Amino acid sequence: MARGPSGRGPSGVERLKESSRHLRGALAEELAAGGTQVTEDGYNLLKFHGSYEQFDRDTATARKQRGEEKEYSFMVRVRMPGGRLTAAQYLAFDALANDRANGTLRITTRQGVQFHGVVKGDLKPAIAEINDTLLTTMAACGDVVRNVMTSPAPVRDAVHARLDQDARLLSAALLPRSRAYHEIFLDEAPTDAPESEPLYGATYLPRKFKIGLAIPQDNTIDVLTNDLGFIAVFEGDTLIGYNLAVGGGLGMTHNRPDTYPRLASVIGSVGPDDLIAAAEAVIALQRDHGDRSDRKRARLKYVVDAHGVDWVRATLADRYGLDLRETLPTPPLAVPDLLGWHDQGDGRWWLGVPVPSGRIADTDTARLRTALREIMRDFAADPVMTPQQDVLLTNIAADERAAVEGVLRAHGVRLDADQTMLERWTLACPALPTCGLALTEAERVRPEIVGALDAVLARHGLSGERISLRITGCPNGCARTYAGDIGLVGRMPGHYAIYVGGDFEGTVLSEKLLDRVKQEDLAATFEPLFAAWAAERTPGEAFGAFCRRVGLETLRERAGTPATRAA
């Protein structure tokens, strides 16, 4: 196995993959052995099959003091290209959430669905039940191509049909060939037939690989944050080609300046029929040149920066046979609002329903899960999960609109008209108590943070402004923290680094303004910034653009409080 760019040997995870017999390891034996957890090797191999082992961090300390084991459980993630489900599939997931998980479903920022709180004994049955719906958890996590994203808008036209078709095509083509998943979780009998991974190789990719397809008019997926982004260019209903953007990725590590977020670089275009060939070439480039010694530096973005885009183009052509065409002209990227009622274009309608932090649950104030179950059952409203963690209820007849909305209202569900603009455009990762990487809260403090910042916006007459806020409990960027107007990145318990200066459309990264700001000081920190934006902006100037024009040093002078310090 090759050494990494640093000259160091391969990491332990690389050695594990190489010896795992194409992701089998001892997983079957571990799952059959009982108990509540798996080994470290099992933990790392389970990712490829769509699951992460977790434990309840809220109870861990008290249980340790009592000499008790941590409360272990598993997160299970579904691979569902473009976020599409049928109503029947959703109803099966809803039942599974009760029977095998913690009674909730969670929409991810990559248009998937996650189940939390699956105990070890239920892990294999849960994955089998997901496969019974004709979906899979295979390659929803791990060092492979993850869930393929595309525009969630259920517009019934040739453009959106082609995006959906190509997302499904890529998703199927880029699955691992190993039968390990089918043997371990679906009881497929092993065979003596030789097995290989023609695209991934014995050690798969150095790290996860994300792909998204967009059109300039709909960058809901933040296409430039992907390792590989395809931007479709149409003339009328005819696909002319795809512009290729390579090297996006948002993960970083605090106090390691050699790790950083990056937006993908557009390097050329391919024809309408060259999608799979282009994807396989870029994946192979990452497979062969990515850092396998340091997982924090293993994404494609570091290969692109180390060698340059000219080298990328030349290597794709010379070694992998991908001759890129000139970049196709496109209008600027835009992000449409998909919430509320929209005409699908076929005589039916969709309703975009906001789902705060993507958590589909019944609470004391809103029984969202019950309402969605009733709508799927009674109206067969096939759902689409969005990168904004919301759900689009599709194929609703015009004369059913009032009844569908009535079900949601009867269960206390807040719809788009009930939300502030900031609520509408806020993302938050799960963070505590389940994520082992979280340094502080995200999902659980989202209402408090949004409420505090909304009050400041209102004081300055800015409540109607479209502004994106992304909150994560750690620096890994799962809520695309560095690609919006404002990013709050977990720094330590109760503290966040503040990032500003990105744009709503996903074409500019934000930069660190302040470090280690207490949650209770966020509103006071933004008060002078929002006041200045209201008073000094040029006509129509967005918050991120205002921050870039004014500059970080001036913003720091205005925002500083006793509880904050500059980056």
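Every value quoted in this text rests on a predicted model; they were computed, and no experiment measured them.
Counting all heavy atoms, side chain and backbone alike, V78 lies closest to A140 at C-CB, 4.2 Å. The heavy-atom pair separating R177 from A172 by the smallest distance is NH1-O, 4.3 Å. When all heavy atoms of Q389 and S357 are compared, the pair lying nearest together is NE2-O, 3.2 Å. What you find for F115 and I130 is that their closest heavy atoms are CE1-CD1, 3.9 Å. Among all heavy-atom pairs drawn from A442 and G473, the shortest one is CB-N, 3.8 Å. The nearest pair of heavy atoms linking E505 to L333 is CG-O, 3.4 Å.
Q344 and D346 form a side-chain donor-acceptor contact under 3.5 Å, judged by distance and modelled atom types alone. If you check the side chains of N226 and R146, you find no donor sitting under 3.5 Å from an acceptor. A side-chain donor from one of S468 and D485 sits under 3.5 Å from a side-chain acceptor of the other. With hydrogens and angles left out, the side-chain atoms of E465 and W533 include no donor and acceptor closer than 3.5 Å.
Only one option out of T220, D164, D218 pairs with S151 in a side chain to side chain donor-acceptor pair (under 3.5 Å); it is D218. Each of L244, V223, I215, T327 was scored for a side-chain contact (heavy atoms from CB on, under 4.5 Å) with I231, with one residue passing: V223.
Side-chain N or O atoms of D390 include one that pairs as donor or acceptor with a backbone N or O of V355 at under 3.5 Å. Under the 3.5 Å distance criterion, the side-chain polar atoms of R480 are matched with a main-chain donor or acceptor of P387. Between the N476 side chain and the C478 main chain, no donor and acceptor come within less than 3.5 Å of each other. The main-chain N or O of M75 is found under 3.5 Å from a side-chain atom of S51 such that the two form a donor-acceptor pair. Counting only distance, with no hydrogens or angles, the side chain of R162 and the backbone of P272 share a donor-acceptor pair below 3.5 Å. Proximity of a side-chain donor or acceptor of S510 to a complementary backbone N or O of Y482 within less than 3.5 Å is detected. Proximity of a side-chain donor or acceptor of T394 to a complementary backbone N or O of D382 within less than 3.5 Å is detected. In terms of modelled atom types and a separation under 3.5 Å, the side chain of N147 and the main chain of M80 share a donor-acceptor contact. At distances below 3.5 Å, at least one donor-acceptor pair connects side-chain atoms of R369 with backbone N or O atoms of G103. A donor-acceptor distance shorter than 3.5 angstrom exists from the side chain of K301 to the backbone of G251, with no hydrogens or angles considered.
In this structure, F543 has its ring center under 6.0 Å from that of F530.
Between I107 and T386, the closest side-chain pair of non-hydrogen atoms is not below 4.5 Å. Counting heavy atoms from C-beta outward, M149 and K210 have side chains that stay 4.5 Å or more apart. Between P154 and L392, some side-chain heavy-atom pair lies under the 4.5 Å cut-off. Looking only at side-chain heavy atoms (C-beta outward), I211 and L174 come within less than 4.5 Å of each other. Considering only heavy atoms from C-beta on, I498 comes within 4.5 Å of F526 through its side chain. L351 has its side chain within reach of L408: a pair of non-hydrogen atoms, C-beta onward, lies under 4.5 Å apart. At least one side-chain heavy atom of E541 sits less than 4.5 Å from a side-chain heavy atom of R549. Two residues are said to be in side-chain contact when any heavy atoms from C-beta on lie closer than 4.5 Å; N219 and I221 meet this criterion.
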**Worked check of salt bridge (Lys or Arg N to Asp or Glu O under 4.0 Å) between D337 and R466** = CA-CA 10 Å; D337 188 349; R466 197 162 81 150; 6.0 Å; no
**Message:** Does L46 form a side chain to side chain contact (heavy atoms under 4.5 Å, CB included) with L123? I'd like the steps, not just the answer.
**Reply:** CA-CA 11 Å; L46 262 180; L123 182 57; 4.0 Å; yes
**Item:** Test log, rule side chain to side chain contact (heavy atoms under 4.5 Å, CB included), inputs T434 and R106
**Value:** CA-CA 13 Å; T434 54; R106 193 173 194 282; over 6 Å; no
**Prompt:** Could you go step by step and tell me if R377 and D94 meet the salt bridge (Lys or Arg N to Asp or Glu O under 4.0 Å) rule?
**Reply:** CA-CA 11 Å; R377 182 193 66 207; D94 180 79; over 6 Å; no
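In this structure, the side-chain contact (heavy atoms from CB on, under 4.5 Å) partners of D122, at least two apart in sequence or on a different chain, are R100, V118, V119. When the ring pair (Phe, Tyr, Trp, His ring centres under 6.0 Å) test is applied to F74, no partner is found at least two apart in sequence or on another chain.
The aromatic rings of Y181 and H49 lie parallel to each other, with less than 30° between the two planes, well short of the 60° mark.
Within the model, atoms CD1 of I276 and CG of L169 stand 3.5 Å from one another, a figure rounded to the nearest 0.5 Å. Interatomic distance, T370 OG1 to I375 CD1, rounded to the nearest 0.5 Å: 11.0 Å. To the nearest 0.5 Å, atoms CD1 (I283) and CZ (F209) are separated by 5.0 Å. Of the inter-residue distances, the one linking L170 atom CG with L175 atom CG reads 11.0 Å to the nearest 0.5 angstrom. For the atom pair L213 CG and T150 OG1, the distance stands at 5.0 Å (nearest 0.5 Å). Separating the CD atom in Q388 from the CG atom in D222 is a distance of 8.5 Å, to the nearest 0.5 Å.
Taking 4.0 Å as the cut-off between side-chain N and carboxylate O, R299 and D227 count as a salt-bridged pair. Under a 4.0 Å N-O distance rule, the pair R409/D418 qualifies as a salt bridge.
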